[in-house]
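Below is one structure; the comments refer to it alone.
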Amino acid sequence: MAEEVASGRIVETEAYIVGDAAGHAYRGMTPRNRSLFLERGHAYVYLVYGSAYMLNVSSEIAGTGAGVLIKALEPRDGIPIMQRNRQIERLGDLARGPGRLTAALRIDRRLDGVDLCQEGALWLGCGDDNPGEIGQSIRIGIVRDANRLLRFYLRGSPFVSGPRSLRV
DNA sequence: AAGAAGATTCGCT
DNA sequence: GCGAATCTTCTTA
């Protein structure tokens, strides 16, 4: 069977930095969040609200505990695969949202802890596109430390999630 | 052992 | 725009 590859350009992220009360690593390591404490570039995958997997990239040296949440993708390769995984057609909704993109790429806890800098089941590639203009805003959907400007997105992209006021 | 909260999504109004 | 769904993980008793 042919190898199936699906990919997209990351157009929206949120940072959960050291000392951030909203970060899962804030109160120390637990069985769930241990991947956040891996050397930067490793995947931390977890389930929220019983239905949505979140993909994070650890961002500090080993033992620190911080990461970046990947919130939206502009679909690129393997679009039919993603449409099948999501059971929808519309390109604009395929990977717009953290839980949606993990569903499109079929990411779950089995990928927790993998090295994203190495080609494998899941990895990060090098962008060859013009990055475009990056917007910045408060993070969405959290309560603690809600006012920090740690959400970053590709300005004007239709593949960015969140309220309209936070997409410009 | 039980309870509460949660980095969301979807469907309906 | 709003509210329910859904279930895992961590905290507290």
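In what follows, chains carry the letters A, B, and so on, assigned in the order in which the sequence lines appear, proteins first and then strands, with residues in each chain numbered from 1.
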Please lay out, stage by stage, how A:Arg9 and A:Asp77 fare under the test salt bridge (charged side-chain N to carboxylate O under 4.0 Å, His left out). CA-CA 10 Å; A:Arg9 174 162 75 147; A:Asp77 303 311; over 6 Å; no
Hey, does [Y] have a side-chain heavy atom less than 4.5 Å from the side chain of [X]?
X: A:Ile79; Y: A:Leu91; value: yes
X: A:His24; Y: A:Met54; value: no
X: A:Leu69; Y: A:Leu55; value: no

Does atom CZ of A:Arg148 have more than 12 heavy-atom neighbours from other groups under 6.0 Å away?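 More than 12 heavy atoms, drawn from other residues, nucleotides or ligands, come within 6.0 Å of this atom.
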N or O in side chain of A:Arg100 less than 4.0 angstrom from B:dC10 OP1/OP2: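 Looking at the OP1 and OP2 atoms of B:dC10, one of them is under 4.0 Å from a side-chain N or O of A:Arg100.
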Whole-Å distance between [N] [atom2] and [X] [atom1]?
X: A:Tyr153; N: B:dA7; atom1: OH; atom2: C1'; answer: 18 Å
X: A:Gln87; N: B:dT9; atom1: CD; atom2: C1'; answer: 16 Å
X: A:Arg151; N: B:dT8; atom1: CZ; atom2: P; answer: 11 Å
X: A:Tyr44; N: B:dA7; atom1: OH; atom2: P; answer: 9 Å
X: A:Tyr26; N: C:dT11; atom1: OH; atom2: P; answer: 13 Å
X: A:Ile70; N: B:dA7; atom1: CD1; atom2: C1'; answer: 12 Å
X: A:Asp112; N: C:dT8; atom1: CG; atom2: P; answer: 15 Å
X: A:Asn33; N: C:dT8; atom1: CG; atom2: C1'; answer: 14 Å

Taking the side chain of [X] as heavy atoms from C-beta outward, which of [options] is closest to it?
X: A:Leu47; options: B:dT9, B:dA7, C:dT8; result: C:dT8
X: A:Arg86; options: B:dA7, C:dC10, B:dC10; result: B:dC10
X: A:Lys71; options: C:dC10, B:dT8, B:dT9; result: B:dT8
X: A:Tyr49; options: C:dC10, B:dG6, C:dT9; result: B:dG6

Which dot-bracket notation, 5' to 3', represents the base pairing of DNA chain B when pairs are defined as Watson-Crick or G-U with both distances under 3.5 Å, crossing pairs as [ ], and inter-strand pairs as |? ||||||.|||||.
With a non-hydrogen cut-off below 4.0 angstrom, is A:Arg32 in contact with a base, only sugar-phosphate, or nothing?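 A:Arg32: backbone/sugar contact only, no base atoms under 4.0 Å.
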Out of A:Arg167, A:Glu14, A:Arg151, which one pairs with A:Ser137 under the side chain to side chain contact (heavy atoms under 4.5 Å, CB included) rule?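 The passing option is A:Arg151.
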